[in-house]
Amino acid sequence: MAEVVSEETLDGGEMETGEAQDGMEDLNITVDLGQLDLTTEEDIDLEDIGESIKENLNDDVVRAALEKGLNLRDYLMEVDLSLQRVEQESFQDYLQEGVRLARLHGQIRSCDGILGSMQGSLLEFQKSLGAISSEIEVLQAQSIALDQKLNNRKALQAPLLSFITNCTIAPELIEGVCKGEVNEQYCGNLDAIEGKMAFAEQLEGTRLGPDVITQLTMLREEACRRVRQAMLERVGAMRKPLSNIEVHQNALLKLRRSFDFLVRHAREAAVEIKEAYVDTMGKIHFTYFKEYTERLRKLQEDLPSGPEDLLAVEDSSRRSFFGSRTTPKARTALYAIGQRAAVLTQLEAPVIVPHTVGEGRLSYETIFRSTQYALLEIGAREYLFCQEFLGLRDQRAYEAFKAILGRTMTLFLQNLQAHLARSFDPIGLALCACMSAAFQTLLRTQDVPCLQPYFEQVDELLWPRIEALFESHIESVRSAGPTTVGVPDPLPHFVVRRGSDMLAALLAMLDGRTFAVLTRVLGTLREEVENFILRMAAELHERKDQLVFVINNFDLLRSAFRDHPGHPDAPALEKIIADRTREYVEEALRPSFGGIMAFVRDTEVHQARGVDLETIPIDQRRIQGLIRAFAADWKRAIDAIDADVMRSFSNFKVGTVVLQEVLTQLVVYYERFLTILRQPGIAKRTGTFSDLIDRHHIIVEVKKHKPAL
């Protein structure tokens, strides 16, 4: 088999060798192997052979052959034959690859031709690109030049357009100025004229400047004439009856820029419009407020007050010409505040419309609030209008405001003076002063100082009159006595009742507010009323009646401070009432239980001094008499005390409190009495008493007299 394969291989090799040779002949390649010599002509150094043999013996293959016992010569021949066979096979492989190499050589030569042609094309293309690059450079230079021209034209366009626009007067502008309606849009034409005029003034040294300035001046004068005429017509329209002033003012505010145009270019026309507006609004407001105050005055409720209507003047001394007296309701309104204090919380309520009042009547302070608030609203609006439309500030704005509402404010001050001359109602006037202060605070909050001087004048008129009227009331209380107000009874006095109402009014007006005059009047009036109570109580003969009078009348004073428990005067009143109540309790128990009370006090005095109870002289019959009298009469005495207390005190709540304290003190005295009788030093000398009433029976009876509050 090996031989067959070898032959086939050799035959195939011969065939491939023939093909290779044919291929080489085709490629004109000659291969000469006749001179192949595998020997070497180099000199061999025998000295190195020994070392070479040693090295070869160390070779793994040689060592393996020696270990197997092989003949090295034979092994060398086998190796040599193997090398020759390998060499032959390698040569055959080279021959086999000759055809492929020949083909590859042909392909390389073909590619070289193609690349040569491509090189020629590329060289031509390179020449073309060079020409295009030159053209691009030319185009780039042209583009840069065009771009520069465009930028120059753009830079020149805006100034040139502005110049042309400002130097020419468009027909639309001329028509808008001469024929257009003077409204908010008309201000745009005025701005255009001013802009063109400012530009034209820069051309005065040119041939174009004078002509443009002349045309613009004529157009500006026409604009000023039309604006003046339109504003004067608008101001004149305000004088028509039932015209809405606020609507006209809002329309004028829209023309504020037009008025500013007049101020800059036609000052005389602007002054004329200002004077026309001030004169017109001054007359309108004066007429309106004059008619308004007269209509409200017809609805005013006149309190029947006079110089004799004082706190300490008895009602019977105040009779009219026909002998009739003022009604109690009218008299109460002179001293009590009642619902009148509501105006202090309704400062910014809508003003009163006279025809909606109907048959009702209005107090002076209600009318004062309505008129002053109307003045405040209109005054603030006019002051702001002078600033926003007329462009006035500070003193000049105030002068214009004063020219508009000066006559109206003078009218109000004159009306106030006339009312003060005939008014004897300090509470109503004090309410007006409180409202004046509140209005001033409101003005400061709104940053509208124009009415501040007016309200200061109002205060200068009100406060002296208020202080004088309150002082007359205080003086009447100070000088009151039995000869002027009669001999008192234990019930609350009418002077104290009126004084209490007036104190409550002062406290209501001072609630959260500070007024030096009212604070001083409050302290003085309270002190004089307290002195009056003590002074009139001294006119009563019985101490019990004096105490009842003091408690009743101080309770009235305390009621004035009921809504103001934190006031510093309230604790002093409570202390006086508590002290007098304790004293009254003793006076109320003394008629029926005086014996027991005296016995208890005397015995306790001895005990307090440290005296031995066995040495205290004891009257057994006296003790027995006290016990029997108490047992026989204690229920009737409690009923009598109940009736007397409830009859003596007009305030049911005060009477109930006093009754409870009296009965409680009775129980305390009886318990102290029983405690003394149980003391060993007394009990062994007196023995027991069968008539003693058990304390529980007394407590049960006392509870029956505890009314439901």
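Small disclaimer: the values here were computed from a predicted structure and weren't measured.
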Legend entry - Any side-chain heavy-atom pair of Glu539 and Gln546 under 4.5 Å: no
Inset, instruction - Please work out which of the three classes, parallel, tilted or perpendicular, describes the rings of Trp634 and Phe630, given edges at 30° and 60°. - result: parallel
Legend entry - Any donor-acceptor N/O pair, Arg513 side chain to Met509 backbone, under 3.5 Å: yes
Legend entry - All ring-ring contact (aromatic ring centres under 6.0 Å, His included) counterparts of His493, not counting sequence neighbours: Phe532
Legend entry - Salt-bridge criterion met for Arg526 and Glu530 (N-O under 4.0 Å): yes
Inset, instruction - Could you tell me whether a side-chain N or O of Thr524 sits under 3.5 Å from a main-chain N or O of Val521, the two making a donor and an acceptor? - result: no
Inset, instruction - Apply salt bridge (charged side-chain N to carboxylate O under 4.0 Å, His left out) to Glu475 and list each qualifying residue two or more places apart in sequence or on a separate chain. - result: Arg478
Inset, instruction - Identify which one of Arg628, Arg621, Arg622 satisfies the side-chain contact (heavy atoms from CB on, under 4.5 Å) criterion when paired with Gln624. - result: Arg628
Inset, instruction - Please name all residues satisfying ring-ring contact (aromatic ring centres under 6.0 Å, His included) with Phe549, sequence neighbours left out, ordered by chain then number. - result: none
Legend entry - Pairwise side-chain contact, Leu589 with Gln665, heavy-atom cut-off 4.5 Å (strictly under): yes
Under 3.5 Å, side-chain donor or acceptor atoms of residues 447-454 against the rest of the protein: list the pairs with distances, not counting sequence neighbours.
residue : atom : partner : partner atom : Å
Gln452  : NE2  : Gln440  : OE1          : 2.7
Tyr454  : OH   : Gln372  : OE1          : 2.8
Tyr454  : OH   : Gln372  : NE2          : 3.4

Inset, instruction - To the nearest 0.5 Å, tell me how far Leu376 CG sits from Tyr383 OH. - result: 13.5 Å
Inset, instruction - Could you tell me whether the side chain of Arg369 and the main chain of Leu347 form a donor-acceptor pair under 3.5 Å? - result: yes
Inset, instruction - Taking only Lys NZ, Arg NE, NH1 and NH2, and the carboxylate oxygens of Asp or Glu, determine whether Lys575 and Asp579 approach each other closer than 4.0 Å. - result: yes
Inset, instruction - Just grab all the ring pair (Phe, Tyr, Trp, His ring centres under 6.0 Å) pairs involving residues 505-528, residues at least two apart or on different chains. - result: Trp463-Phe515
Legend entry - Close side-chain approach of Val477 and Leu310, heavy atoms under 4.5 Å: no
Inset, instruction - Could you tell me whether Lys653 and Asp555 make a salt bridge, using a distance below 4.0 angstrom between a side-chain N and a carboxylate O? - result: no
Inset, instruction - Please answer whether the main-chain N or O of Val351 pairs with a side-chain N or O of Ser370 as donor and acceptor at a distance below 3.5 Å. - result: no
Inset, instruction - Let me know which of Val645, Leu666, Thr581, Thr656 forms a side-chain contact (heavy atoms from CB on, under 4.5 Å) with Glu661. - result: Thr581
Inset, instruction - Could you tell me which residues satisfy salt bridge (charged side-chain N to carboxylate O under 4.0 Å, His left out) with Glu583, sequence neighbours excluded, listed by chain and number? - result: Arg543
Legend entry - Residue pairs, two or more places apart or on separate chains, that pass ring pair (Phe, Tyr, Trp, His ring centres under 6.0 Å) and touch residues 551-570: Phe561-His567
Inset, instruction - With sequence neighbours excluded, tell me which residues meet side-chain contact (heavy atoms from CB on, under 4.5 Å) with Arg590. - result: Glu586, Glu587
Inset, instruction - On the 0 to 90° scale, with breaks at 30° and 60°, tag the Tyr335-His473 ring pair as parallel, tilted or perpendicular. - result: perpendicular
Inset, instruction - Output all residues satisfying side-chain contact (heavy atoms from CB on, under 4.5 Å) with Glu291, sequence neighbours left out; order by chain, then residue number. - result: Arg295
Inset, instruction - Check whether the side chains of Thr441 and Arg444 place a donor and an acceptor atom closer than 3.5 Å, and report yes or no. - result: yes
Inset, instruction - Determine whether Val658 and Val654 make a side-chain contact, defined as any pair of heavy atoms from C-beta on separated by less than 4.5 Å. - result: yes
Inset, instruction - Return the minimal non-hydrogen interatomic distance between Ala312 and Val495, and the atom names on each side. - result: CA-CG2, 3.8 Å
Inset, instruction - List the steps and the verdict of side-chain contact (heavy atoms from CB on, under 4.5 Å) for Glu604 and Ile676. - result: CA-CA 8 Å; Glu604 288 179 349; Ile676 292 173; 4.3 Å; yes
Legend entry - Qualifying residues under salt bridge (charged side-chain N to carboxylate O under 4.0 Å, His left out), relative to Arg636, sequence neighbours excluded: Asp633
Legend entry - ring pair (Phe, Tyr, Trp, His ring centres under 6.0 Å) contacts touching residues 344-368 (sequence neighbours left out): Tyr364-His419
Legend entry - Contacts of type salt bridge (charged side-chain N to carboxylate O under 4.0 Å, His left out), residue Arg580, not counting sequence neighbours: none
Inset, instruction - Say whether, by atom type as modelled, one donor and one acceptor occur between the side chain of Arg562 and the main chain of Arg558 under 3.5 angstrom. - result: no
